[in-house]
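In what follows, a single structure is set out as structure tokens and then discussed.
The first residue in the sequence is number 1, and the count goes up from there.
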Amino acid sequence: MEKQRLFKMTDIEKNMLVRALSDKQKRVGNDRCGEVRALVEKTEQAPRNRLYMDEIEYQWVEIALNDLRNAYLAAGRSSGGIDKVMLKLFRSHYKRVPAR
């Protein structure tokens, strides 16, 4: 059993997270592209909209959401929805799950 973060998400939050990770995938180099793509697929296929993340995946999600938020602010758009998802992500707790 290992400890991983559990992020319970709605469909809207799931779509926002997939979009942020997809944008991040386009910007990272080819050496990291596979990691981010695997996380995008894991997010899309999360059973019952529950995403379990290790620390590296959590950092990728955090960075991707922050980049999406910065892009919205630079374009003069409201980032209220992204802020709510980020706060929910930061408040996510650790759960013990079987090792994958």
Side-chain angles (χ1 to χ4, degrees):
M1 301 288 276
E2 63 180 334
K3 288 172 44 174
Q4 292 189 350
R5 285 187 183 262
L6 170 62
F7 182 56
K8 298 177 186 176
M9 54 192 166
T10 63
D11 288 333
I12 294 172
E13 293 167 344
K14 182 177 182 179
N15 292 338
M16 190 177 300
L17 189 57
V18 167
R19 175 154 184 235
L21 288 168
S22 296
D23 290 347
K24 187 65 177 173
Q25 179 187 358
K26 293 174 187 173
R27 286 190 297 262
V28 298
N30 291 333
D31 56 335
R32 297 285 189 179
C33 187
E35 292 177 22
V36 180
R37 182 64 200 157
L39 185 55
V40 169
E41 291 173 3
K42 181 179 176 181
T43 304
E44 289 174 337
Q45 299 170 357
R48 298 183 304 177
N49 289 339
R50 293 172 182 244
L51 180 63
Y52 290 93
M53 299 172 281
D54 60 15
E55 285 303 311
I56 295 171
E57 293 170 336
Y58 175 77
Q59 289 175 354
W60 277 115
V61 169
E62 184 180 357
I63 291 168
L65 282 173
N66 193 37
D67 288 349
L68 182 64
R69 181 179 183 272
N70 289 340
Y72 269 53
L73 292 174
R77 297 176 64 184
S78 172
S79 66
I82 300 170
D83 294 340
K84 289 179 184 179
V85 174
M86 288 178 71
L87 283 172
K88 188 174 177 181
L89 179 72
F90 296 152
R91 292 179 182 154
S92 62
H93 296 287
Y94 286 99
K95 298 287 182 180
R96 291 202 179 271
V97 294
R100 335 181 228 165

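For the pair Lys14 and Ala46, the tightest heavy-atom approach, listed with the atom from each and the gap, is NZ-O, 4.2 Å.
The CG atom of Leu68 lies 9.5 Å from the CG atom of Leu73; values are rounded to the nearest 0.5 Å. Interatomic distance, NZ of Lys24 versus CG of Leu21, reported as 10.0 Å (0.5 Å rounding). Atom CZ in Arg96 sits 11.5 Å away from atom CD in Gln4 (nearest 0.5 Å). To the nearest 0.5 Å, atom NE2 of residue His93 and atom NZ of residue Lys8 are 9.0 Å apart. Taken to the nearest 0.5 Å, the OH atom of Tyr52 stands 14.0 Å off from the CZ atom of Arg5. Between Arg27 atom CZ and Ser22 atom OG the span is 10.5 Å, to the nearest 0.5 Å.
Leu51 is not listed as a side-chain neighbour of Glu13, based on a closest heavy-atom distance of 4.5 Å or more. Looking at Trp60 and Arg32, their side chains come closer than 4.5 Å, going by heavy atoms from C-beta outward. Taking 4.5 Å as the limit, some side-chain heavy atom of Met9 sits within range of a side-chain heavy atom of Thr43. Counting only heavy atoms from C-beta outward, the side chains of Glu2 and Val97 approach each other to under 4.5 Å. The shortest distance between side-chain heavy atoms of Arg19 and Asn15 does not fall below 4.5 Å. Side-chain contact check for Asp11 versus Asn49: some heavy-atom pair is nearer than 4.5 Å.
No chain of hydrophobic side-chain contacts below 4.5 Å, direct or via other Ile, Leu, Val, Met, Phe, Trp or Tyr residues, connects Tyr72 to Ile63. Under the 4.5 Å side-chain heavy-atom criterion for grouping Ile, Leu, Val, Met, Phe, Trp and Tyr, Phe90 is connected to Leu17 within one hydrophobic cluster. In terms of hydrophobic clustering, with Ile, Leu, Val, Met, Phe, Trp and Tyr side chains grouped at heavy-atom distances under 4.5 Å, Met53 and Ile56 are assigned to a common cluster.
Other residues, nucleotides and ligands place no more than 12 heavy atoms under 6.0 Å from the CD1 atom of Ile12. In the displayed structure, Lys88 atom NZ is contacted under 6.0 Å by more than 12 heavy atoms of other residues, nucleotides or ligands.
Remark: the backbone N or O of Asp54 is paired with a side-chain donor or acceptor of Glu57 at under 3.5 angstrom.
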Give the intermediate values and the outcome of side-chain contact (heavy atoms from CB on, under 4.5 Å) for residues Leu89 and Val61.
CA-CA 9 Å; Leu89 179 72; Val61 169; 3.6 Å; yes
